[in-house]
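Data first, discussion second: the structure below is written as structure tokens.
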Amino acid sequence: MIHLEPSTMSDTITCPHCGRAVAPQARFCGDCGVDLALAAVTAELALIGLDDVPVSAPIAPEVLVPRMGETMIERGLLQPADLDRALEHQAACAASGAPILLGQALLELGLVDRVSLDQVITLQILKLQTALSTANRELEQRVREHSRDLRQALDRLAELNHLKSNFIANVSHELRTPLTHIKGYLDVFDEEVLGPLTPSQKDALQVMQRAELRLETLINDLIEFSVAARGDMSMNWRVVCLDPLVLKAVERLEGKAQLGNVTINVSLTHPSPLVRADEEKIGWVILQLLDNAIKFTPCGGQVDVSLACQAGQAKLAFRDSGIGIPIERVSEIFEPFHQLDSSSSRHYGGTGLGLALVRRIVEAHGAQIQVASEPGRGSVFEIIIPVINA
Ligand SMILES: Nc1ncnc2c1ncn2[C@@H]1O[C@H](COP(=O)(O)OP(=O)(O)OP(=O)(O)O)[C@@H](O)[C@H]1O
Ligand SMILES: [Mg+2]
């Protein structure tokens with residue numbers, strides 16, 4: 001909108017700072033090095049007397065940039081009555097189907113000259129630019145502040161997580177020592193070293209041994225979890241055949257399934273896939289997924305365990321006809337200590353650690369775990385792991 005005479009658009013222009021000639025397309029003056037764009041804006045501001053652009057004013061540009069007619073009145077270039085005339089002329093043109101801008105209406109009526117009009121438009125553009133750059137600066141500042149707050153919150157969270165893992169590890173180790181004594185004496189009683197036991201004493205002893213075993217398992221899981229959470233999980237890599245691990249888990253949990261009247265069906269593939277894995281850990285994962293499938297399947301339901309091999313991947317699936325999981329809650333089940341039914345009257349035992357640890361172990365194997373589920377119809381948990389005898 002700045003009106004340039006044809007002569008000023010020729011081969012050279014003058015540096016507004018040192019007065020030397022510079023090429024029109026140059027960004028900086030070759031002699032004094034001044035930023036020509038910046039110098040031009042400063043010169044323009046000086047020319048039109050714009051030294052009062054508010055820098056810390058409210059950031060909405062429309063607040064800062066007044067309407068053109070009002071600006072002209074403010075600067076004494078136009079009388080209010082003339083503005084009304086121009087607006088009427090503009091409305092009449094619009095009504096006759098040939099709309100024009102206000103500036104054009106003012107020119108047509110001879111109420112302002114071209115130079116004044118260009119000055120006012122330039123002023124508006126510069127004000128708008130200033131408002132925009134102020135808004136940008138404020139926005140950048142706010143983004144910087146929010147990023148810093150977020151980083152601090154994340155650091156704090158990581159620190160708390162670390163403290164939690166340390167706490168769990170310490171407490172678990174402390175619990176393990178007295179439990180070892182309890183277990184030792186239970187064994188001593190069981191072997192009747194301290195004298196013969198009556199049948200009812202033997203029954204009571206069995207209850208205590210089962211409880212001790214549950215405590216021991218829980219403490220071991222807690223220790224494993226805290227180790228994994230700190231990223232210290234050590235892997236004992238071997239070539240592992242998955243079939244025996246599946247069969248072993250089924251054998252271990254058959255009693256539990258029978259108690260709940262849940263049928264387990266197993267389908268294996270031949271040849272059995274071999275994977276690079278930590279045998280103990282992957283066996284534990286299989287046990288956890290089968291345990292969940294049985295636990296969350298009501299009486300009379302069934303659990304299908306299948307092992308298939310496709311495209312260099314072994315797919316180990318645990319399908320149950322159990323209570324299912326609402327789709328929007330699937331991500332929660334991998335959170336440590338998280339159980340979907342956390343009400344005090346929950347029917348299912350456990351601590352909610354199983355799947356949190358399962359996920360870490362699966363990830364450490366470069367494998368994936370997938371879940372599909374429908375409330376009331378059942379769930380499928382699948383582990384996909386690369387095979388080495390594909
Ligand atoms: N097959 C499943 N069907 C329905 N819900 C499931 C199934 N497996 C897991 N869940 C849900 O996910 C939650 C977390 O499972 P996770 O194995 O981590 O804990 P848990 O079985 O409750 O306790 P733990 O495994 O520590 O003994 C369960 O409490 C349950 O709400
Ligand atoms: Mg579990």
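Worth saying up front: this structure is predicted, and the values here are computed from it rather than measured.
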Report the C-alpha separation of L186 and D190 in whole Å, then their side-chain angles, then the decisive distance to 0.1 Å, and conclude whether the side chain to side chain contact (heavy atoms under 4.5 Å, CB included) test is met.
CA-CA 6 Å; L186 286 175; D190 194 28; over 6 Å; no
Tell me, with the steps shown, if K248 and L287 meet side chain to side chain contact (heavy atoms under 4.5 Å, CB included).
CA-CA 9 Å; K248 204 163 130 193; L287 197 70; over 6 Å; no
Which is it for I264 and I294 under the side chain to side chain contact (heavy atoms under 4.5 Å, CB included) test, yes or no, and what are the steps along the way?
CA-CA 8 Å; I264 306 179; I294 296 168; 3.8 Å; yes
Tell me, with the steps shown, if E145 and Q141 meet side chain to side chain donor-acceptor pair (under 3.5 Å).
CA-CA 6 Å; E145 282 168 15; Q141 178 62 21; 3.1 Å; yes
Side chain to side chain contact (heavy atoms under 4.5 Å, CB included) between I388 and V239, intermediate numbers included:
CA-CA 8 Å; I388 50 181; V239 174; 3.6 Å; yes
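For the atom pair NZ of K315 and CD1 of I383, the computed distance is 12.5 Å after rounding to the nearest 0.5 Å. Annotation: the span from N170 atom CG to S165 atom OG amounts to 10.5 Å, rounded to 0.5 Å. To the nearest 0.5 Å, atom OG of residue S116 and atom CG of residue L123 are 12.0 Å apart. Atom-to-atom distance recorded for L289:CG and F318:CZ is 5.0 Å, nearest 0.5 angstrom. Here the CG atom belonging to L157 is positioned 9.0 Å from the NZ atom belonging to K164, to the nearest 0.5 angstrom. With values rounded to the nearest 0.5 angstrom, L83 atom CG is found 9.0 Å from L111 atom CG.
Pairing each heavy atom of Q288 with each of V358, the nearest pair is CB-CG2, 3.7 Å. Nearest heavy-atom pair across P273 and D243 is CD-OD1, 4.4 Å. When every heavy atom of T130 is checked against every heavy atom of L126, the shortest pair comes out as OG1-O, 2.7 Å. Of all non-hydrogen atoms in L109 and A86, the two that sit nearest each other are CD1-CA, 3.7 Å. The minimum heavy-atom distance linking A364 with W237 is given by the pair O-CH2, 3.4 Å. The minimum heavy-atom distance between A317 and E382, with the atom names listed, is CB-CG, 3.7 Å.
Residues passing the side-chain contact (heavy atoms from CB on, under 4.5 Å) test with L259, sequence neighbours excluded: none. Residues meeting the salt bridge (Lys or Arg N to Asp or Glu O under 4.0 Å) test with E335, sequence neighbours left out: none. The side-chain contact (heavy atoms from CB on, under 4.5 Å) test applied to L101 returns no partner, not counting sequence neighbours. In this structure, the side-chain hydrogen bond (donor to acceptor under 3.5 Å, both in side chains) partners of D291, at least two apart in sequence or on a different chain, are K256. Every residue meeting the side-chain hydrogen bond (donor to acceptor under 3.5 Å, both in side chains) condition with H338, not counting sequence neighbours, appears here in chain and number order: E332. Residues passing the side-chain contact (heavy atoms from CB on, under 4.5 Å) test with V193 are V188, E191, sequence neighbours excluded. Partners of H89 by ring-ring contact (aromatic ring centres under 6.0 Å, His included), not counting sequence neighbours: none found.
When side chains are defined from C-beta on, V171 counts as touching L175, because their heavy atoms get closer than 4.5 Å. Residues E192 and K202 have side chains in contact (heavy-atom distance under 4.5 Å, counting atoms from C-beta outward). Within the 4.5 Å cutoff, the side chain of Q209 has heavy atoms near those of the D187 side chain. E108 places a side-chain heavy atom less than 4.5 Å from the side chain of Q104. Counting heavy atoms from C-beta on, the side chains of F225 and T351 never come closer than 4.5 Å. Side-chain contact between L222 and S226 is absent, with no heavy atoms from C-beta onward closer than 4.5 Å. A 4.5 Å side-chain heavy-atom check between D320 and V262 finds every atom pair outside the cut-off. In this structure, the side chains of E251 and L247 stay at 4.5 Å or more apart for every pair of heavy atoms.
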Under 3.5 Å donor-acceptor pairs involving side-chain atoms of residues 296-310, not counting sequence neighbours:
from	atom 1	to	atom 2	distance (Å)
T297	OG1	A293	O	2.5
D304	OD1	N265	ND2	2.7

Throw together a table of side-chain donor-acceptor distances under 3.5 angstrom for residues 274-285, partners on residues two or more places apart or in other chains.
from	atom 1	to	atom 2	distance (Å)
D278	OD1	E280	N	3.2
D278	OD1	K281	N	3.1
D278	OD2	N236	N	2.8
D278	OD2	K281	NZ	3.4
E279	OE1	R238	NH1	3.3
K281	NZ	S234	O	2.9

Output a table of donor-acceptor pairs, distance under 3.5 Å, between side-chain atoms of residues 148-156 and any protein atom two or more places apart or on a different chain; print 'none' if there are none.
from	atom 1	to	atom 2	distance (Å)
R156	NH1	E159	OE2	3.2

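No continuous path of hydrophobic side-chain contacts links L355 to V380 [ILVMFWY only; heavy atoms under 4.5 Å]. In this structure, I100 is not a member of the same hydrophobic cluster as L102, with clusters built from ILVMFWY side-chain heavy atoms closer than 4.5 Å. Under the 4.5 Å side-chain heavy-atom criterion for grouping Ile, Leu, Val, Met, Phe, Trp and Tyr, I384 is not connected to V362 through any hydrophobic cluster. If you chain together hydrophobic residues whose side chains sit under 4.5 Å apart, M208 and L194 fall into the same group. Connection of I223 to L213 is not established within any shared hydrophobic cluster, with ILVMFWY side chains joined at heavy-atom distances below 4.5 Å, either directly or through further cluster members.
Residue pairs meeting the ring pair (Phe, Tyr, Trp, His ring centres under 6.0 Å) criterion with at least one member in residues 132-169, sequence neighbours excluded, do not occur. Residue pairs meeting the side-chain hydrogen bond (donor to acceptor under 3.5 Å, both in side chains) criterion with at least one member in residues 355-375, sequence neighbours excluded, are Q368-Q370, S373-S379.
For CZ of R329, the number of neighbouring non-hydrogen atoms (other residues, nucleotides, ligands) closer than 6.0 Å is greater than 12. Within 6.0 Å of CD1 in I327 there are 12 or fewer heavy atoms belonging to other residues, nucleotides or ligands. Environment of NZ in K295: crowded, with over 12 heavy atoms of neighbouring residues, nucleotides or ligands closer than 6.0 Å. Residue F334 qualifies as enclosed at atom CZ: its count of foreign heavy atoms under 6.0 Å is above 12.
No donor-acceptor contact under 3.5 angstrom links the side chains of N220 and T217, judged on distance only.
The only option from D113, L87, D82, V112 that meets the side chain to side chain contact (heavy atoms under 4.5 Å, CB included) definition with L106 turns out to be V112.
Side-chain atoms of Q90 never come within 3.5 Å of backbone atoms of P99 as a donor-acceptor pair (strictly under, hydrogens ignored).
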